[in-house]
Asks: 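The structure under discussion is supplied below as structure tokens; questions concerning it will follow.
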Amino acid sequence: MKTLKHYSTITLLLLLCFSCNIKPQAIDYGNDGCHFCKMTIVDKVHAAEIVTKKGKVYKFDATECMINFIKEFDSSEIQLYLSNNYKEPEALIDATQATFLISKKVPSPMGAFLSAFKAEEDAKKIQIEKGGTLYNWKELLAHFKG
């Protein structure tokens with residue numbers, strides 16, 4: 001009886017560990033829909049994703065949709081903010097550590113002309129080539145608030 005109880009406890013703990021899997025999910029481009037605007041996610045350079053502390057994933061067709069979504073969401077529940085890396089399509093990067101460029105010469109799906117870069121140097125190179133303004137995550141949130 002004691003052994004059965006022990007195995008039940010271990011099984012329960014394993015289920016809890018695996019059920020709260022906090023990691024990004026691959027975006028199925030052309031099939032997944034944006035949680036905010038409901039458009040199908042097709043752009044492999046501008047998509048975004050949120051993963052909550054409970055492991056729930058919200059996918060977006062653009063970083064601007066993710067930012068608009070979090071205006072109405074309890075941010076204390078969010079574990080990961082992710083954006084596609086402009087220089088490496090489909091690769092999700094930590095949006096809170098990214099450098100963002102808003103440039104009228106780099107369109108994004110929802111018209112904010114917003115792109116994310118893992119490396120600040122990459123963002124600066126595109127800025128020199130195409131113009132625009134660079135932002136870090138906090139500056140970007142303030143920009144979209146106003």
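All heavy atoms count here, side chains included; hydrogens, waters and symmetry mates do not.
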Asks: For residues I27 and A48, report the shortest heavy-atom separation together with the two atoms involved.
Replies: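 Looking at all heavy atoms of both residues, the closest pair is CD1-O, 4.0 Å.
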Asks: Which atom pair, heavy atoms only, marks the closest approach of S115 to H46?
Replies: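 Scanning both residues, the minimum pair turns out to be OG-NE2, 2.9 Å.
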Asks: For a quick test of reading the model, state the closest non-hydrogen atom pair linking G132 to Q127 and the distance between them.
Replies: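 Smallest heavy-atom distance, with atoms named: O-NE2, 3.0 Å.
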Asks: Could you check whether atom NZ of K138 has more than 12 heavy atoms from other residues, nucleotides or ligands sitting under 6.0 Å from it?
Replies: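 Not buried by this count: 12 neighbours or fewer within 6.0 Å.
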Asks: Go through it in stages, so that I can follow the logic: the residues are D122 and F117, the test is side chain to side chain contact (heavy atoms under 4.5 Å, CB included), and I'd like the CA-CA distance, side-chain angles, deciding distance and then a yes or no.
Replies: CA-CA 7 Å; D122 291 336; F117 295 82; 3.9 Å; yes
Asks: To the closest 0.5 Å, what do you measure between CG (N68) and SG (C34)?
Replies: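 It is 9.5 Å, given to the nearest 0.5 Å.
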Asks: Mind checking side chain to side chain donor-acceptor pair (under 3.5 Å) for T96 and listing every partner two or more places apart, or none if nothing turns up?
Replies: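 Expected list: D94.
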Asks: Do M66 and F36 have side-chain heavy atoms sitting under 4.5 Å apart?
Replies: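 Counting from C-beta outward, M66 and F36 never come under 4.5 Å.
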Asks: Is the side chain of E49 donor-acceptor paired with the backbone N or O of V57 at a distance under 3.5 Å, no angle test?
Replies: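 Not confirmed, E49 side chain does not pair with V57 backbone.
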Asks: Applying side chain to side chain donor-acceptor pair (under 3.5 Å), name anything that partners N136, two or more places apart in sequence or on another chain.
Replies: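 So N136 forms no side chain to side chain donor-acceptor pair (under 3.5 Å) with any residue.
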Asks: Which heavy atom in P24 sits nearest to a heavy atom in V51, and how many Å separate them?
Replies: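 Scanning both residues completely, I find the closest heavy atoms to be CA-CG2, 3.9 Å.
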Asks: Kindly determine whether K125 and E121 satisfy salt bridge (charged side-chain N to carboxylate O under 4.0 Å, His left out), including the steps that lead there.
Replies: CA-CA 6 Å; K125 286 178 189 174; E121 307 81 53; over 6 Å; no
Asks: Shared ILVMFWY cluster between Y58 and L140, side chains joined below 4.5 angstrom?
Replies: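 Hydrophobic grouping puts Y58 with L140.
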Asks: Under a 4.5 Å side-chain heavy-atom rule over Ile, Leu, Val, Met, Phe, Trp and Tyr, are F113 and V45 clustered together?
Replies: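 They do not share one cluster, since no chain of ILVMFWY contacts under 4.5 Å joins F113 to V45.
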Asks: Using a 4.5 Å cut-off on heavy atoms from C-beta on, say whether the side chain of I67 contacts that of F60.
Replies: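 No, side chains not in contact.
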Asks: Is there any salt bridge (Lys or Arg N to Asp or Glu O under 4.0 Å) pair reaching into residues 68-79, and which pairs are they, with sequence neighbours excluded?
Replies: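 Matches after skipping sequence neighbours: none remain.
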Asks: If you look only at distance, which donor and acceptor atoms sit under 3.5 Å apart when one is on a side chain in residues 97-105 and the other is two or more places apart or in another chain?
Replies:
{"residue": "S103", "atom": "OG", "partner": "K105", "partner atom": "N", "Å": "3.3"}
{"residue": "S103", "atom": "OG", "partner": "K130", "partner atom": "O", "Å": "3.1"}
{"residue": "S103", "atom": "OG", "partner": "G131", "partner atom": "O", "Å": "3.1"}

Asks: Nearest 0.5 Å please: distance from the CD1 atom of I50 over to the NE2 atom of H35.
Replies: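 Answer for the CD1-NE2 pair, I50 versus H35, is 9.0 Å.
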Asks: May I ask whether L134 and I93 are part of the same hydrophobic cluster, defined by side-chain heavy atoms of I, L, V, M, F, W, Y residues being less than 4.5 angstrom apart, directly or through others?
Replies: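 No; I93 is not reachable from L134 via cluster members.
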Asks: Determine whether I22 and L92 fall in the same hydrophobic cluster, where Ile, Leu, Val, Met, Phe, Trp and Tyr are linked whenever their side-chain heavy atoms lie under 4.5 Å apart.
Replies: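 I22 clusters together with L92.
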Asks: A side-chain contact here means heavy atoms from C-beta on lying under 4.5 Å apart; do T52 and F73 qualify?
Replies: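 In short, these two side chains touch, coming nearer than 4.5 Å.
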Asks: Show which side-chain atoms of residues 79-88 pair as donor or acceptor with protein atoms under 3.5 Å away, not counting sequence neighbours.
Replies:
{"residue": "S83", "atom": "OG", "partner": "T63", "partner atom": "OG1", "Å": "2.9"}
{"residue": "N84", "atom": "OD1", "partner": "Y29", "partner atom": "OH", "Å": "3.4"}
{"residue": "N84", "atom": "OD1", "partner": "A47", "partner atom": "N", "Å": "2.8"}
{"residue": "N84", "atom": "ND2", "partner": "Y29", "partner atom": "OH", "Å": "3.3"}
{"residue": "N85", "atom": "OD1", "partner": "K87", "partner atom": "N", "Å": "3.3"}
{"residue": "N85", "atom": "OD1", "partner": "K118", "partner atom": "N", "Å": "3.3"}

Asks: Rounded to the nearest 0.5 Å, how far does NZ of K56 lie from CD1 of I78?
Replies: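 Interatomic distance, I78 CD1 to K56 NZ, rounded to 0.5 Å: 12.5 Å.
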Asks: Within the structure provided, determine whether L141 and I70 are in side-chain contact (heavy-atom separation under 4.5 Å).
Replies: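 Yes - at least one pair of side-chain heavy atoms lies under 4.5 Å apart.
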Asks: Taking a hydrophobic cluster as the set of Ile, Leu, Val, Met, Phe, Trp and Tyr residues connected by side-chain heavy atoms closer than 4.5 Å, whether directly or through intermediates, do Y135 and L114 fall within one such cluster?
Replies: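 As far as the 4.5 Å side-chain criterion goes, L114 and Y135 are connected within one cluster.
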Asks: With sequence neighbours excluded, give me every salt bridge (Lys or Arg N to Asp or Glu O under 4.0 Å) pair touching residues 59-70.
Replies: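 The answer is D32-K59.
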